Structure formats: C-alpha cells, structure tokens
Number of protein chains: 2
Amino acid sequence: MSASLPPLPKPQESTGEPVLLELGSAEDEPCLRADAARNRARLLEAATRLIEEHGAAGVTMEAVAVAASVGKGTVFRRFGDRTGLLTALLDHSAKQLQAAFLSGPPPLGPGAPPVDRLRAFGLAVLRQAVDHLELQLAAQPEAARRYSIPPTRFLSGHVTLLLRQAVPDADCALLAQALMGYLDPALIHHLTKECGMPMERLEAGWIDLVARVTRTELPQ
Amino acid sequence: MSASLPPLPKPQESTGEPVLLELGSAEDEPCLRADAARNRARLLEAATRLIEEHGAAGVTMEAVAVAASVGKGTVFRRFGDRTGLLTALLDHSAKQLQAAFLSGPPPLGPGAPPVDRLRAFGLAVLRQAVDHLELQLAAQPEAARRYSIPPTRFLSGHVTLLLRQAVPDADCALLAQALMGYLDPALIHHLTKECGMPMERLEAGWIDLVARVTRTELPQ
DNA sequence: AAGAAAACTGGACCGTGGTCCGTTTAGCTG
DNA sequence: CAGCTAAACGGACCACGGTCCAGTTTTCTT
C-alpha cells in the first residue's frame, strides 16, 4: 500500500463506520496547494484525452504523467493508484447520481414511496453503468472476466436450472445472477472480515433471499 | 492476452454457449506429454507449499517457477496466467462441490424439491467459500476492495435505508448487498456484451427483483 | 522581507505479470 | 537404434504499477 509517505493527506480512506450519509463521498480536495491543484487538473484532462484517443486500456500511469508533463510520482501522490485515478474520472457522474437520489425530484429523490425509489434507483444506476462501462471496468481490473470463467458459469447455470423448476415463469437467468451475487467470495470476505458479521447471519440471509426470490404469485 | 503461442492447447476457454452441463468444467488434461505432466504436478505442489508458507500473496509466478525448478515460461504455458494457476489450485474442491449437487444425495443433489436444493446449494457454496477464502480472493486480484470503496458503500447504504422503509423486519443490509450485486458493472457488461441481452431485459429484471425482494408477508 | 517548515515534484528504481524465441526432449517410425 | 518432428522448455526481455527520496516551490511566521 501507500503507507510510508509521511506528509500524505491520504487520498480517500475515511474508514469511519457510519459512512452512510457523509454526502460528498469524494469531496477530497480539502486545501490543495496551488501547484498541486493545477497538476491535478492537468492530469484529469490528460487522462480524459488518452481515453478518447486510445481507450481505457491506453491510460497508463506513465502515459498520463507524460501527457500532463508531470512526474510519475505526482500521479500516484495525487490519486493513490490507478484505480483512484479512474475513479476520479467517474467522480463527476457519481456525484450527480448521488445528488439525484439524495435531494432530486421523485421518484429517485425523497418523496416517493421507498419501493418506487428503489426501482428508480436501479434503473438510474443501470443506465449510468452502461454509459461509463468501459471506464468502470477499467477501474476494476480483471472484473470483466469474473462472470465468464467456467466454474462460475457452471454454478450459475445450475442455479438457473433450479430456479426454472421453482419459478417457471420468471427470468431465471437474471434471477440466478442476482442470487449468485450474494455468494461472491469478495462479498463474503467483506461482510465477515471487514464488517464482522457471523456466518450464521449470512446463512440466514441466504435462506431468506431464496424464500423471497422464489415466492410465486407476485401481483406485478 | 496469451494469443501467440502456436502450439498452445489453450488452458480453458470453451466459449461454447450451452456450458450448462459439460460436467468436468476443468477436465483439462487431454494428453499431456510425460515431462509436461510432471512439471504440472511439481508446479501445483510448489504453489501449495508456497501458500502455506507465505500466504497467498507469496505465490509469485517466478517464485513458483523457482520452487518447482522450472522455467517461468513453463508456468505460463501450463496455466495461462496467475489466475489460472490459482484456479487450478481450487479445482479439486470445486469439482467436489459440483459432483455433490449434480449427483450427490439430497437435499444438495437431485431428488429434493428445487427450493430445498437451492437453499442447500447456497449454504454449501458459502461454506466452501469461507474455507478457501484467501485463495479465492487471491485468484481475483483487487476483488477484496470492491465492496469497501466509498462510492459503492454509499450506494448500498442508500439501498439499505430504502429497504428498511419497505421491509422493516428483514436483514436489510444483506438484502441490499444482494440487490447491489445485480447492478455490478462487470455483470452488466457480461450480460449485455457477452450474452447479448438487451438493456430492456436487464431493466425488467431489476423491477422484478425489487418486487420479489420487497414482497412482505413471507410464510417462512 | 526573510527564514523555516510544510507540501509538492519528478524521475530513477524495483518487483511482478506476461511474452518471445532459440534450444531441448519425448515419443513415434522404420 | 538412429532420425525426425512436434511439443515443451527456460530464461532473457518488456511494460506497467507502485515506491522513494533529494531537491524545489509554496505558504506560514515573525
């Protein structure tokens, strides 16, 4: 990690537990020195240019540095790592989305019934995702493969089959993916190791999830 | 990618559509030459040793090669990439699990009602996941962070809040994670770009998912 | 205005994943 | 057993992400 730069304001990292409503989740320019701010801007601009010229894959940390006429170290100091840089690029639209559901008009924003808001929320995220797909994927290296690897496909295939028997007239392929998402090792790690949840809770959660998903007669 | 080794049997990669029941999803040793087989075994053994000595992080491709007294190129030729090697290490238990739900005793295996099997399936995967957590995470670099980054936490926090209003007496934090899984950019990419699903279907899927999850009065 | 502390800079440097290609060897054929 | 060929080998090589730190610039203090 980047754990040995004495005078480093630490790009993100709040680590506080109740992150739930800290608003500007990326409001991370507390008091940038003049030159630092200038370089930051240059870097973001350069990165943007590189993306539209060579695609997200062409955004090499070194390339960005060169394109911005800045030292490589500066890029890392500013954004922590590659992921940080890409994330910063997505920051604008991310904030927009946040603002929309925190204080925008219903049904996304407050005012509508929660289920309606939930629906709207998903659609909004879905749409934002497709818009910035390339970037989002680039920001999460290797992510693209996750769902393509044989073992995973095999498991979700099995779930799809079971679902088809349980809820014949649903879109089981999609439902299966939702269920599989719950079983993602990374999620399990996050919940147990980082959030300290006991396994029993996760297991109960699965039982509950299955019950909800396979419930028939929904008056949609 | 590894796209220029003429005589390479291509580690995995079936790319055929109906993977659903191809059984040995990792039955990938069609006809290994004697020395190749020997080296493969050596490599797996070396990797195993390295893991229990220095943890998954210590499994460097070079280190494995050295520990197995084999050239680095050989490691890559055999397993394609780091992920491939780690996956091969997980292969045994993966196959066991597959066998268990394909032809083992109920409720995991055939014979029980689908919903029961689904429940059992999730618990089995959950348990297997915790057993090999370190490896599974190592096989998916960067995955560990996915759920910790502020923007993501913020979104799922929001979903949790909405859920609490919609289904007050459920484990909303967990339910929220399940829902968020459906919105994972990597999944969206997989479904739209690789499976060719239209966005409308994904959107309909979300609406359906929300309906199922927020349905109250479940006779659990 | 001057000096000191704080913050930032840039590029040399490192480790690791991944590729390339000349050399070696297993396994067949006669 | 000699000879042949395709497969396998191995390590030099490269690119990229990430670290370090000596030197520079900015900001604060008095």
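To find a chain, count down the sequence lines: A is the first, B the second, and so on, and within it residues start at 1. All figures in this text were calculated on a predicted structure; none of them were measured in a lab.
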Query raised in the report: Does B/T74 place a side-chain N or O at less than 4.0 Å from the phosphate oxygens OP1/OP2 of D/dA8?
Result: no
Query raised in the report: Using a cut-off of less than 4.0 Å, is there contact between a side-chain N or O of A/R78 and OP1 or OP2 of C/dT9?
Result: yes
Report task. Mind calculating the distance between CZ (B/R77) and C1' (D/dA8) to the nearest angstrom? Result -> 6 Å
Requested in this report: Could you tell me whether B/A65 contacts a base, only the sugar-phosphate backbone, or nothing, with contacts defined as non-hydrogen atoms closer than 4.0 Å?
Outcome: nothing
Report summary line: Out of C/dG27, C/dC8, D/dC9, minimum distance to the side chain of A/L32 belongs to C/dC8
Query raised in the report: Of the residues in residues 44-63 of chain B, which ones touch DNA chain D at a heavy-atom distance under 4.0 Å?
Result: none
Query raised in the report: Looking at B/D208 and B/R212, does any basic side-chain N land under 4.0 Å from a carboxylate oxygen?
Result: yes
Query raised in the report: B/D35 has a side chain; which of D/dA8, D/dT27, C/dC13 sits nearest to it?
Result: D/dA8
Query raised in the report: For A/N39 and C/dT9, is the shortest distance between a side-chain N/O and OP1 or OP2 below 4.0 Å?
Result: yes
**Report entry** d(CG, B/L43; P, C/dG17) in whole Å
**Finding:** 14 Å
Query raised in the report: Over how many whole Å does the gap from A/L85 atom CG to D/dG17 atom P extend?
Result: 10 Å
Report summary line: Among C/dG10, C/dT9, C/dG11, the one nearest any side-chain atom of A/V70 is C/dG10
Query raised in the report: Starting at CZ of A/F76 and ending at C1' of D/dC16, how long is that distance when rounded to a whole Å?
Result: 8 Å
Requested in this report: Using whole Å, report how far CG of B/L86 lies from C1' of C/dG18.
Outcome: 15 Å
Report task. State which residues pass side chain to side chain contact (heavy atoms under 4.5 Å, CB included) with B/S148; sequence neighbours excluded, sorted by chain then number. Result -> A/H190, A/E194
Requested in this report: Would you please confirm or rule out a distance under 4.0 Å between OP1 or OP2 of C/dA26 and any side-chain N or O of B/R33?
Outcome: no
Query raised in the report: Is the shortest distance from a Lys or Arg side-chain nitrogen in B/K95 or B/D91 to a carboxylate oxygen in the other one below 4.0 Å?
Result: yes
Requested in this report: For residues A/L133 and B/P185, report the shortest heavy-atom separation together with the two atoms involved.
Outcome: CD2-O, 3.7 Å
Report task. Report the residue (B/G73 or B/E142) whose heavy-atom-nearest nucleotide on DNA chain D is the more 5′ of the two. Result -> B/G73
Report summary line: Rounded to whole Å, NZ of B/K72 lies from C1' of C/dT19 at a distance of 10 Å
Query raised in the report: Atom CZ of A/R82 to atom P of D/dG18: distance rounded to whole Å?
Result: 9 Å
Query raised in the report: Under 30°, 30 to 60°, or over 60°: which ring-plane class applies to A/F121 and A/F101, parallel, tilted or perpendicular?
Result: perpendicular
**Report entry** Interatomic distance, B/D81 CG vs D/dC16 C1' [rounded to whole Å]
**Finding:** 16 Å
Requested in this report: For B/R146 and A/L187, indicate whether the former's side chain and the latter's backbone hold a donor-acceptor pair under 3.5 Å.
Outcome: no
**Report entry** A/R145 bridged to A/E142 by N-O distance under 4.0 Å
**Finding:** yes
